[in-house]
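Take a look at the structure below.
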Amino acid sequence: SIGKYTDFTKYVMKDYANAVIAFSEVLQIDSTNKDALHNLSLLALDANMTDEFIDYQKKIIANYPKDKNAYLFLGYGYHKKRDDETAYNKYQTAKSLMEDDERAAFENIDYIVPHDKFKQYEHLSPSEKAEYKDTFWRKRDPLYLSGYNERTLEHYSRVAYANLYFGVEAKREPGWKTDRGKTYIRYGPPKRIVRIRPEKGGFGGKDYDLTEIWY
């Protein structure tokens, strides 16, 4: 327990098992159901089963060859496995399937420009921003001899993760636009996450939603 909050980690495994059963039953009825395949991939990722996550995203692509999100998430999966070359290729395919404005948002560095440089950056012209971005990534490339910038791959993976977990489907809001998404893209994964649900009737008798604390 944390104050009046209760850590609900003990409920996770039961919820996980029930979710796997439910989505698997959907696939028995319709083996091409994208939502079921995607949610099973997320469950696999939560359980640190990266190969299974990749397999589910591959199944989505087999049924929906133009699904840019599946390629994006595949890139994340391969980057997590440290297969950077394959990750780079999947991200390139995902970008090729995006609209121009979506691709520009995917490559946007507004969230990661250093705080002391941002005021200068935001007043640049579009051409100056493009030049700044090229220099920004070039300075952060740890291995000039490889065919890709490893720091750029890390950025793409943070955007992909934000879209995987933080999007608000009801509002058609991608994860990179949310507060959690922006924070994740800038700083990377928290060192520790505590998920809590306030005890019923706390704080003046009100019930509060599930809360996450990031360290």
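We number each residue from 1, following the sequence as shown. Bear in mind the structure is a predicted one, so any value in this text is a computation, not a measurement.
- The shortest distance between side-chain heavy atoms of Glu102 and Phe106 does not fall below 4.5 Å.
- Between Ile185 and Val159, some side-chain heavy-atom pair lies under the 4.5 Å cut-off.
- With a 4.5 Å cut-off on side-chain heavy atoms, Leu40 and Glu52 do not count as touching.
- Cation-pi geometry between Arg186 and Tyr111 is not satisfied (NZ or CZ under 6.0 Å from the ring centre, within 45° of the ring normal).
- Atom OG in Ser41 sits 13.5 Å away from atom NZ in Lys58 (nearest 0.5 Å).
- Taking 4.5 Å as the limit, some side-chain heavy atom of Arg180 sits within range of a side-chain heavy atom of Glu212.
- At least one side-chain heavy atom of His155 sits less than 4.5 Å from a side-chain heavy atom of Ile112.
- Side-chain contact between Asn63 and Ser31 is absent, with no heavy atoms from C-beta onward closer than 4.5 Å.
- A salt bridge does not link Glu122 with Lys129: none of the charged nitrogens is closer than 4.0 Å to a carboxylate oxygen.
- Residues passing the side chain to side chain donor-acceptor pair (under 3.5 Å) test with Lys177, sequence neighbours excluded: none.
- With no hydrogens or angles considered, a side-chain donor-acceptor pair links Tyr165 and Asp46 at under 3.5 Å.
- Gln92 and Lys95 are linked by a side-chain donor-acceptor pair at a separation below 3.5 angstrom, with hydrogens and angles left out of the test.
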Dump the intermediate steps for side chain to side chain contact (heavy atoms under 4.5 Å, CB included) on Ile54 and Phe73, then the final yes or no. CA-CA 8 Å; Ile54 289 172; Phe73 301 149; over 6 Å; no
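- In this structure, OG1 on Thr93 lies 10.0 Å from NZ on Lys66, to the nearest 0.5 angstrom.
- Side-chain contact between Asn69 and Ile60 is absent, with no heavy-atom pair separated by less than 4.5 Å.
- Taking the six-membered ring where the residue is Trp, Tyr76 and Phe53 present perpendicular rings, their angle passing 60° and hence far from 30°.
- For His79 and Tyr88, the gap between ring centers reaches or exceeds 6.0 Å.
- A cation-pi arrangement, defined by a distance under 6.0 Å to the six-membered ring centre and an angle within 45 degrees of its axis, is present between Arg140 and Phe136.
- With values rounded to the nearest 0.5 angstrom, Glu150 atom CD is found 11.0 Å from Glu154 atom CD.
- Between Tyr156 and the options Trp176, Tyr91, Tyr71, a ring-ring contact (aromatic ring centres under 6.0 Å, His included) holds for only Tyr91.
- Under the rule for a side chain to side chain donor-acceptor pair (under 3.5 Å), Asp35 has no partner lying at least two apart in sequence or in another chain.
- Rounding to the nearest 0.5 Å gives a distance of 10.0 Å between NZ of Lys68 and CG of Asn163.
- Taking 4.0 Å as the cut-off between side-chain N and carboxylate O, Arg138 and Asp141 do not count as a salt-bridged pair.
- Side-chain contact between Tyr215 and Ile193: absent, with no pair of heavy atoms (C-beta onward) separated by less than 4.5 Å.
- Atom CG of Leu43 is separated from atom CG of Asn18 by 11.0 Å, given to the nearest 0.5 angstrom.
- When all heavy atoms of Tyr187 and Arg158 are compared, the closest pair comes out as C-NH1, 3.7 Å.
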